[in-house]
Amino acid sequence: MQKTNFTDFPKNYDYKSAEKKIAEYWESNNIYKFKNENKECSDDNSSGDFSHIFSIDTPPPYVSSAHLHVGHAMSYSQAEFIIRYKRMKGFNIFYPMGFDDNGLPTERYVEKKYKINKSKITRDEFIDLCLKETKIGISTYKELWQALGISVDWSLTYSTIDAKCRKTSQKSFIELYGKKLVERRDEPIIWCPSCRTSLAQADIAIEEFDGILFDIEFSSSSGEKLIISTTRPELLGACVAIYANPSDSRYSHLKDELIRIPIYEHTVPVKFDESVEMNYGTGLMMVCTWGDAEDVKKWKEHKLDTAIIIEPSGRLNEKARAYAGLNVKDAKKNIVEDLKKISLIKNEKKLRHNVGIHDRCSTAVEFVQTPQWFITILNNKAQFIDAGSKINWYPAFMKTRYDEWVQNIKWDWNISRQRFYGVPFPVWYCSKCGEPVIAEEDELPVDPAASKPKHVSICRVCGNNEFIPENDVMDTWMTSSLTPFINSNWANFDFDSHVNSSDNTNRKNKEIKIMPMTLRPQAQEIIRTWLFYTVVKSIYHTGDIPFKNVMISGWGLDKSGKKMSKSLGNFVAPEEIIEKYSADALRYWAAKANLGQDLRFSEEDVANGRRLLIKLWNAVRFFITNINSIKSNEDFKPIFGTASLDKLNSADLSVVDGWLLSEFQKTLKACEEYFESYEYSSALRIVSDFFYNIYCDNYLEIVKNIFWEEDASFNDRKVQSLNTMYYVSFNMLKLFAPFLPFITEELYLSFYKNFETEESIHQCVWPVYRHELINESAAKDVAVLLAVLDLSRKLRTNLNLHQNHKVKKIYVYSPDAQLMEIVRNFSTDIMSACRAEDIIISEKADFGAGGDSKIYISFES
RNA sequence: GGGCGGAUAGCUCAGCCGGUUAGAGCAUCGGCUUUACAAGCCGGGGGUCGCAGGUUCGAACCCUGCUCCGCCUACCA
């Protein structure tokens, strides 16, 4: 089906209709489908190739798409550049999209959107709203990613609330319980008074606040006045000890004394600990039930009394007496006033101090004590650090963040959340003695609130036959930390009994052998959560790392350099940019920053992307429409198609063609090296430079006038050039394809596919570097031609001649005989490039680049 | 407090395992429209490479210290 009449090739690239059409083409032709070994091969000729799998542990974004902006488009595009490259390198790509919809982010989003909170609505109603928003979110995401050209296999989609994920998550819990890596403990935990749930350390951000350090007068049992500094006078009622440094001679005599607490009048012991800074305040420190992590630490180490004064609601309880019922802030205000009345506040000092806040709602967290499930972390830090160093980090410096985080963790991972929308614990408790009953794998996924234990009918401890469900849900990271397990169907989820998707072609009940996965792309702010927790799970379940490579993207910034965020309002909507400039142009912008670097949004850069598209279109159109410039010569047949062009040899071509092939090889090699090291930005730059400077500005300029020549004697030269252009333009489009998937596909489908076999340029094989095409002598010679061309352009500017004005004669001269020889050999090219009807070697040429010019030209018009 | 990243033309950035007059795009100025592209082409101007030292024949690049910006991390109550 070799078709050669391309004169009607469209003059303009209509990206709006083309991108839509192509996205549909990809979808309906399964271009990005993972070739699963279990799949019947009837729908295409692909068989499963498990030796070359490149699997991606895609970040499951939380599903409320209301926060999406071009920064997200940026980071997903950046990962996708690498993925498209790997696909063309021949890898069988496993690229799923997941949605992390269970958990607090979605709950908070629903609370805000419907102006409700979890105490004003039933659990079921709440979950229904969350599921509804989840559904909307997924479809919005999908629409945007498809418009952006993100090449995921949508049949691999999962949602962290679906049955498969619930089963995976619960199986993980059960297995860790069996390995004694998860246990229930009743101890102080970090608590968000606003979300009314316990949290893990990773959910806490530390923020600087302006506070006041109060110097409060206490008295010892022997009547001595003692000044103690604290930022939290509202916790006086919860004070359980006073601490001093053991080597602080000022206080050693207090060893056996009791200290009387102002207002509350109870007494507490004096304790000594190295950690107390003698120079801070008066060197005395008040320890309460639990004002901060330090209090918890001392409480644990020194087995202090417990005097809980803050309730989960964030209000003080009856222990606070006059301040009962007040929230922390009001209680502080009132107690300070009261202390002032009795003159016990001796000094106030403004203080910048760090307070832990819940990173989902910015509320200052407190400590409360209730039973929670914990995954052991602290005992195995060394293993996690070790795992981190077995992963390849791109960029490498991001690993520091992981190491520092792991080293600094202070708490085991609390996975209990007193919320509604999440994966339930597969756990019941004996209604009499509280002994937990853990579900078994064959009853998963299970909702303990809706069913009874399958394998246990009487409590093994007390013989009771009644069980109550665990009402907490698991931390959302408990599930998202399992993405490699979800992707590989580690839980052997049976899709046949849970049909919840119209497309199950890739969903087999068997486990897929893709662990450790090849690549984890993600954002830097979730190193301590998603990345760390995934490592934890993988080490615990498999003893191995969860993925071999991780790439960490930077942030999308607004024009002024601030991190873009929907809630701050400084965002740009990707849909609008795509509409205005095309998805390829947006992706072009996303490729401007190398991995890990922040990138400012710049509409100008997106516009530059669109310029590149237009120029690409026209450059290729020039080639295509000139195929017909070859006149009726019967024996002439241009050779097209990768198979035949691989034999292309510079010996059969003009020097200029040979030079172009040579330059392309260099570009290809560099481009490939950049891709291999995840430096996609440099990869795009080098291809663009080649396209603009070498292909358009020089090669096409030299060659284009040859195509106006009607004389049949130019046929050979035209054929050489056409073949060269086929090879170079097609392969160049392949290098552009990871960045600009739409226009490269459109050009492929409308032209190259006539001579090629693949359904899509994205399935075409990446160009193979051919060292034998490197031609340094052509490069040296063409440099002379380019010098003449450069002079011609400058001279035209000097003479106010337009670049296409045809001159009668061009005179060229050089005192260097070798140069003149090269000039003679290039006379056709010089005439073409310089728009001259004739070329004369003559000393009449007097225009040089100045200084030590070796070559001169002049015109005669 | 500790650490990481960045500071190069008006703007956004490349160059940084030392080596001829430091590059690109945008912006700016001048010129150019019949024959791929005016969402274009050609040409020009514009930088003592954050500051201060040091190593070297030679530093944007290596070393030391400092300043500013961003981020991560941290128990000074």
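A, B, ... follow the sequence lines: proteins, then strands. Residue 1 opens every chain.
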Could I get a table of every N or O pair under 3.5 Å where one atom is in the protein and the other is in nucleotides 61-63 of chain B?
none

Discussion item. Short of 4.0 Å, heavy atom to strand atom, which residues of residues 681-689 of chain A count as contacting RNA chain B?
Written reply: A/Arg685

Check the distance between [N]'s [atom2] and [X]'s [atom1] and give it to me in whole angstrom.
X	N	atom1	atom2	answer
A/Lys559	B/C26	NZ	P	17 Å
A/Met74	B/U12	CE	P	16 Å
A/Glu604	B/G10	CD	C1'	13 Å
A/Arg621	B/U35	CZ	P	11 Å
A/Asp605	B/C11	CG	P	15 Å
A/Phe622	B/C37	CZ	C1'	11 Å
A/Lys563	B/C69	NZ	P	20 Å
A/Glu207	B/C72	CD	P	11 Å

Same-atom distance ([atom1]) from [N] to [M], integer angstrom:
N	M	atom1	value
B/G10	B/G70	C1'	23 Å
B/G25	B/C61	P	25 Å
B/C13	B/G50	P	15 Å
B/G19	B/G2	P	34 Å
B/C69	B/C49	P	22 Å
B/G15	B/G58	P	26 Å
B/G43	B/A52	P	37 Å
B/G44	B/A22	P	16 Å

With a 6.0 Å cut-off on the ring centroids, do [X] and [Y] count as close?
X	Y	value
A/Phe384	A/Phe532	yes
A/Tyr581	A/Trp589	no
A/Trp191	A/Phe367	no

Each nucleotide N or O in nucleotides 2-6 of chain B that has a protein N or O under 3.5 Å away: list the pair and distance.
| from | atom 1 | to | atom 2 | distance (Å) |
| --- | --- | --- | --- | --- |
| B/G2 | N2 | A/Glu404 | OE1 | 3.4 |
| B/G3 | O2' | A/Glu404 | OE2 | 3.4 |

Would you please classify the geometry between the [Y] ring and the [X] ring as parallel, tilted or perpendicular, with 30° and 60° separating the classes?
X	Y	value
A/Tyr699	A/Tyr695	parallel
A/Phe730	A/Tyr748	parallel
A/Trp477	A/Tyr533	tilted

Do any N or O atoms of the protein come closer than 3.5 Å to N or O atoms of nucleotides 38-42 of chain B, and which pairs are they?
| from | atom 1 | to | atom 2 | distance (Å) |
| --- | --- | --- | --- | --- |
| B/A39 | N3 | A/Arg610 | NE | 3.0 |
| B/G40 | OP1 | A/Arg611 | NE | 2.6 |
| B/C41 | OP1 | A/Lys615 | NZ | 2.7 |
| B/C42 | O2' | A/Thr797 | OG1 | 3.4 |
| B/C42 | O2' | A/Gln803 | NE2 | 3.2 |

Discussion item. Is the positively charged end of A/Arg587 above the ring of A/Phe742, judged by distance under 6.0 angstrom from the centroid and angle within 45° of the axis?
Written reply: no

Item to complete: May I ask you to say whether A/Glu234 pairs ionically with A/Lys329, meaning some side-chain N is under 4.0 Å from a carboxylate O?
Response: no

Discussion item. Less than 4.0 angstrom from a charged side-chain N to a carboxylate O is my criterion; do A/Glu604 and A/Lys559 meet it?
Written reply: no

Quick check: does any side chain N or O of [X] sit under 3.5 Å from a backbone N or O of [Y], one acting as donor and the other as acceptor?
X	Y	result
A/Trp411	A/Ile377	no
A/Asn12	A/Asp14	no
A/Lys808	A/Phe859	no

Item to complete: Work out which heavy atom in A/Asn245 is nearest to a heavy atom in A/Val276; give both atom names and the distance.
Response: ND2-O, 2.8 Å

Worksheet item: Which residue, A/Leu801 or A/Tyr588, contacts RNA chain B at a nucleotide closer to its 5' end, judged by nearest heavy atom?
Response: A/Tyr588

Worksheet item: Only one of A/Val355, A/Ile357, A/Asn354 clears side chain to side chain contact (heavy atoms under 4.5 Å, CB included) with A/Glu207; which?
Response: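 Single side chain to side chain contact (heavy atoms under 4.5 Å, CB included) partner of A/Glu207 among A/Val355, A/Ile357, A/Asn354: A/Ile357.
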
So, do [X] and [Y] sit near enough that their side-chain heavy atoms are less than 4.5 Å apart?
X	Y	value
A/Ser721	A/Ile706	no
A/Ser229	A/Phe214	no
A/Ile391	A/Val535	yes
A/His72	A/Met564	no

Item to complete: For A/Trp617, report the nucleic acid contact type (base, sugar-phosphate, nothing); a contact means any heavy atom under 4.0 Å.
Response: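 Result for A/Trp617 = nothing.
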
Fill in: Distance-only side-chain donor-acceptor flag, A/His302 / A/Asp273, under 3.5 Å
yes

Worksheet item: Do we see a donor-acceptor contact under 3.5 Å between the side chains of A/Lys298 and A/Ser275?
Response: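 Yes, because at least one side-chain N or O of A/Lys298 sits under 3.5 Å from a partner of the opposite role on A/Ser275.
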
Discussion item. My validator wants the stems of RNA chain B: runs of 3 or more consecutive Watson-Crick or G-U pairs, both distances under 3.5 Å, written as range with range.
Written reply: B:1-7 with B:67-73, B:10-13 with B:23-26, B:28-32 with B:40-44, B:50-54 with B:62-66

Protein and nucleotides 74-77 of chain B: nitrogen or oxygen contacts under 3.5 angstrom:
| from | atom 1 | to | atom 2 | distance (Å) |
| --- | --- | --- | --- | --- |
| B/C75 | OP1 | A/Lys410 | NZ | 3.0 |
| B/C75 | OP2 | A/Lys410 | NZ | 3.1 |
| B/A77 | OP2 | A/Tyr280 | OH | 2.8 |
| B/A77 | N6 | A/Glu277 | O | 2.7 |
| B/A77 | N6 | A/Tyr280 | O | 3.3 |
| B/A77 | N1 | A/Glu277 | N | 3.1 |

